[in-house]
Amino acid sequence: MGSNPYPLFLFLLIHYFLAVGAAAGSRSAKAPFVGVNIGTDLSNLLSPADIAAFLKAQQIQHVRLYDADSGILSALAGAGVSVALGVPNDQLIALGSSNASAAAWVARHILPFDPDTPISAVAVGDEVPTAVPNALPALLPALRSLSAALAAANLSSIPVSTPLPFSVILDPFPPSQAYFNQTLASAFLLPLLQFLNDTGAPLMLNLYPYYAFMQSRGAVPLDNALFRPLAPALEEVDPNTLLHYTNVLDAMVDAAYVSMRNLNFSTVPVLITETGWPHNGARRDEPHATPDLASTYNSNLIRHVFGRTGTPMRPEATPSVYIYELFDEDLRPGPVSEASWGLFYGNGTAVYLLRSTGAGGFLANDTTDRTYCMAAEGADQRSLQAALDWACGPGRANCSDLQPGESCYLPNDVRDHASYAFDSYYQSQSKAAGSCYFQGIAMITTTDPSHGNCIFPGSKQMNMTSEGSNATETSKAGIPPRLRLTEQNNNIVFMILNMILVVSVSTMRL
């Protein structure tokens, strides 16, 4: 009687699935993420505790802080949020001139918080070559001294880098002909890349397809900047590589890869420390700074990153990104758009709706099914007043927040009041067909019309729904992909083991 082959087969099978599980775990550990930048230049910033609760509610697990705010770092302890910690530009000279200063900075801003608040990276300065060129000679010494201080504290796993503007790359389109600014290459960029290569840190870049589009004078299609699908004939094709580019961001990243390769560096990864789209701007100068386009860009960006398609030049490598930014910074000087990059207002109300279903659970307030009713553009005042009176009267819409002194009384004009009343009626009718018509002077929008402390009925309704279903959704969507894959592997293993058992019993009976 020959030897039974099933024990060997079973051993090999189990070994195979253990290897698959290990590989899946390895891939999950390197999965790209989407984080957010948190600026604090706003008049009504949430308290640190409220920021921590807000990030948890929105399932945001990666943030970048421009300064080491001890209150926020303390509040994030145990919240499951990793922090890329910034060093302001005005601290570069001190850190670059003294190893003791770097050690003191680590002792003050990292050691009291990590690992309860995990520090994922240290971002030294911000766009130093263009923002504060006089501090550029101190930047590399500051990087080296902070890296050494982290190593001395047994924290060498925390990478140290510096966010650079895309303007350090010249002639970026098509990507295959890109190169670094030669005035910076030998004195700064070459030693910087050597440092990043030696320490395993990423090249941090602030990449804005919005500005590439605005400055292109029509050469860059709007759809290309927004990740919108293009007909093959309209895709940007690099004539030297014949690679097709369906979006501007991928082209910018590949331009960075080519620029690094020209200096003989091909293994330094890219981390996008800023990208986004403004939702408001001066109509004459920035007509494309609108809530709808901001929603389109950031929604498609999130899906693109979690889709893990990489870039045409490196499909195996998808850079992680930090969206600029979490909150509108209303105190920022400059053009209107400077204060209008936030996903949320300072009080936590969504500026516009993101459509990011299935994008890894990022941003719990997924907005695919959110619609609101508001006054249509061009509607005349008399018709709006008549419709407002009907909605708040016979229509039985709840218009209490429109009373003097209430949250939505200001601005006290017919259009704003009508929009609130229209949405109140629309939501009370469960968004039934025809409930947002009002003789043709109302329209449905996916952009939340809430403003300041005035929260529209549709936004209130979604917030209540989210709170009620949060536990259920978390139980489904909160399972990490690696665990879901492991569960699937286990099911397959048990199914096959049962089959083997049946076959083995049958063989024994024979």
Side-chain angles (χ1 to χ4, degrees), residues 30 32 121 123 127-130 136 139-140 143 159 161-217 219-221 224-227 230 232 234-275 301 304-305 307-322:
K30 298 179 181 178
E127 300 192 347
V128 175
T130 54
L136 190 59
L139 182 53
L140 274 169
L143 290 168
S161 186
T162 182
L164 297 177
F166 187 61
S167 60
V168 300
I169 297 173
L170 302 182
D171 205 8
F173 303 106
S176 61
Q177 65 187 29
Y179 60 94
F180 282 122
N181 185 328
Q182 295 301 303
T183 60
L184 296 172
S186 59
F188 170 66
L189 290 168
L190 190 61
L192 171 65
L193 290 172
Q194 188 64 61
F195 168 81
L196 300 179
N197 186 72
D198 292 344
T199 60
L203 176 66
M204 294 179 172
L205 289 171
N206 296 342
L207 303 181
Y208 287 97
Y210 171 76
Y211 288 123
F213 164 73
M214 290 292 292
Q215 296 164 7
S216 73
R217 298 182 180 180
V220 174
N224 198 250
L226 293 169
F227 297 92
L230 294 170
L234 298 178
E235 291 179 354
E236 302 293 322
V237 180
D238 189 319
N240 300 311
T241 63
L242 300 183
L243 293 173
H244 287 238
Y245 286 88
T246 59
N247 65 83
V248 174
L249 189 71
D250 281 352
M252 298 173 98
V253 173
D254 277 355
Y257 289 144
V258 171
S259 300
M260 287 192 285
R261 188 178 65 200
N262 290 338
L263 295 181
N264 297 315
F265 292 94
S266 58
T267 60
V268 175
V270 169
L271 174 63
I272 301 173
T273 38
E274 287 182 15
T275 190
L301 168 72
H304 184 69
V305 173
R308 302 183 66 173
T309 55
T311 67
M313 194 169 289
R314 293 192 182 177
E316 78 288 352
T318 300
S320 296
V321 307
Y322 290 92

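For residues 254-274, every residue pair satisfying the salt bridge (Lys or Arg N to Asp or Glu O under 4.0 Å) rule, not counting sequence neighbours, is listed here: Arg64-Glu274.
In this structure, the side chains of Leu192 and Leu143 come closer than 4.5 Å at one or more pairs of heavy atoms. Counting heavy atoms from C-beta outward, Gln194 and Phe265 have side chains that approach closer than 4.5 Å. Side-chain contact between Ser216 and Phe173 is absent, with no heavy-atom pair separated by less than 4.5 Å. A 4.5 Å side-chain heavy-atom check between Leu189 and Leu164 finds at least one atom pair inside the cut-off. In this structure, Leu193 and Phe180 have side chains that are in contact, with non-hydrogen atoms separated by less than 4.5 Å. Residues Met252 and Pro209 meet the side-chain proximity criterion, which asks for heavy atoms closer than 4.5 Å. No side-chain heavy atom of Ser167 sits less than 4.5 Å from a side-chain heavy atom of Glu127.
Without hydrogens or angle criteria, Asn262 side chain to Tyr179 main chain gives no donor-acceptor distance under 3.5 Å. Although no hydrogens or angles enter the test, the distance criterion places no donor-acceptor pair under 3.5 Å between the side chain of Thr311 and the main chain of Asp250. Between the side chain of Thr273 and the backbone N or O of Leu205, at least one donor-acceptor pair lies under 3.5 Å.
Of all heavy-atom pairs between Met204 and Ala123, the closest is SD-CB, 3.9 Å. Minimum heavy-atom separation, Pro129 to Leu184: CB-CD1, 4.2 Å. The nearest pair of heavy atoms linking Pro165 to Thr130 is CG-OG1, 3.7 Å. Taking each heavy atom of Leu230 and Glu235 in turn, the nearest pair found is O-OE2, 3.9 Å. Shortest non-hydrogen contact noted between Leu203 and Ser161 is CA-OG, 4.4 Å.
For the side chain to side chain contact (heavy atoms under 4.5 Å, CB included) with Pro163, the lone residue among Ile272, Leu271, Asn206 that qualifies is Asn206.
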